[in-house]
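One-based numbering along the sequence shown.
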Amino acid sequence: LNMSPRLVIYFVMLCLSFFVPVFTFTASAQSSGILVVDLERAYETSKFGQSMRDAFNLKNKSFNQENIKILNSLKNEEIQLTEDRANLSPSAFAKAAEAFDVKVQKIRKNRLEKMRVVEDSFKLLKQTFLREVDPLFDIFMRKFKASAILESNSVVRSVQAIDITDLLIERVDQAFTARESTQEVVP
């Protein structure tokens, strides 16, 4: 194999470029001054984020059960109204049907309002998560001597070595596990 010295140097540099990033996480993160984090992944995959969503779902399970109960009740009432139609005068049936329609509209309006409140509460979960993990960013900035932490969705390209998402998830999970074990001990 006859290769020019320039091609050999290029080939060696190319080979080294595949191995150097593996060994330089701390050096790259510290020397770059910029860190990157995927907040969505941290929220979705951390134990703390999952616990928040699980607690929310458990709390709102009764809301969903209540919706099913109301729906079944309205279906039964509609069936009864349909059956009563044969025994009612047209004007009496029209009055009963209108009253039923008013009732359904009122229930729908109330349920939609409650659903909006539930959805707003769910949206606040992520904000709460971010507020709780915010102190970790100061720690990471000091540790890696960083001047900025950017959300990965706003970064066009970066080296994996400056991404602290896994580290954030690890620390959040450690803190969450420690807090959970403390709460189990204290009645």
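When side chains are defined from C-beta on, F122 does not count as touching N60, because their heavy atoms never get closer than 4.5 Å. Inter-residue side-chain proximity for V104 and R108 is flagged as met; some heavy-atom pair is nearer than 4.5 Å. Counting heavy atoms from C-beta on, the side chains of V117 and F63 never come closer than 4.5 Å. Counting heavy atoms from C-beta outward, M115 and E119 have side chains that approach closer than 4.5 Å.
Using a cut-off of 4.0 Å between Lys/Arg side-chain N and Asp/Glu carboxylate O, R41 and D166 are scored as salt-bridged.
We find the CD1-NZ distance between I107 and K103 to be 5.5 Å, quoted to the nearest 0.5 Å. Remark: F176 CZ to Q50 CD distance equals 9.5 Å, nearest 0.5 Å. Atom OG1 of T82 and atom CD of E78 lie 5.5 Å apart (nearest 0.5 Å). Between D134 atom CG and D138 atom CG the span is 6.0 Å, to the nearest 0.5 Å. The CD atom of E132 sits 7.5 Å away from atom OG1 of T128, with the distance rounded to the nearest 0.5 Å. E77 contributes atom CD, which lies 13.0 Å from atom CG of N72 (distance to the nearest 0.5 angstrom).
Considering every non-hydrogen atom in both L81 and A97, the closest pair reads CD2-CA, 3.8 Å. Nearest approach of A42 to I169, heavy atoms of both residues: CA-CG1, 3.6 Å. The shortest heavy-atom contact between F129 and S46 is CE1-OG, 3.3 Å. Shortest non-hydrogen contact noted between F56 and S121 is CE1-CB, 3.7 Å. Closest heavy-atom contact between L136 and V172: CD1-CG2, 3.6 Å. Shown here for F48 and D173, the closest heavy-atom pair between the two residues is N-OD1, 4.0 Å.
Following chains of ILVMFWY side-chain contacts shorter than 4.5 Å, one cannot reach Y43 starting from L124, and the two form parts of different hydrophobic clusters. Cluster annotation: I139 and I164 are assigned to the same hydrophobic cluster (Ile/Leu/Val/Met/Phe/Trp/Tyr, side-chain heavy-atom contacts under 4.5 Å, transitive). Criterion: ILVMFWY side-chain heavy atoms under 4.5 Å apart, direct or through other members. Under it, V133 and M141 are part of a common hydrophobic cluster.
With a 6.0 Å radius and a threshold of 12 heavy atoms from other residues, nucleotides or ligands, E98 has its CD atom at or below the threshold.
In this structure, F140 and F137 have perpendicular ring planes: the angle between them is above 60°, well past the 30° mark.
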Check against side chain to side chain contact (heavy atoms under 4.5 Å, CB included), N110 and E113: CA-CA 5 Å; N110 288 337; E113 178 60 28; 5.8 Å; no

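Side-chain N or O atoms of S147 include one that pairs as donor or acceptor with a backbone N or O of G33 at under 3.5 Å.
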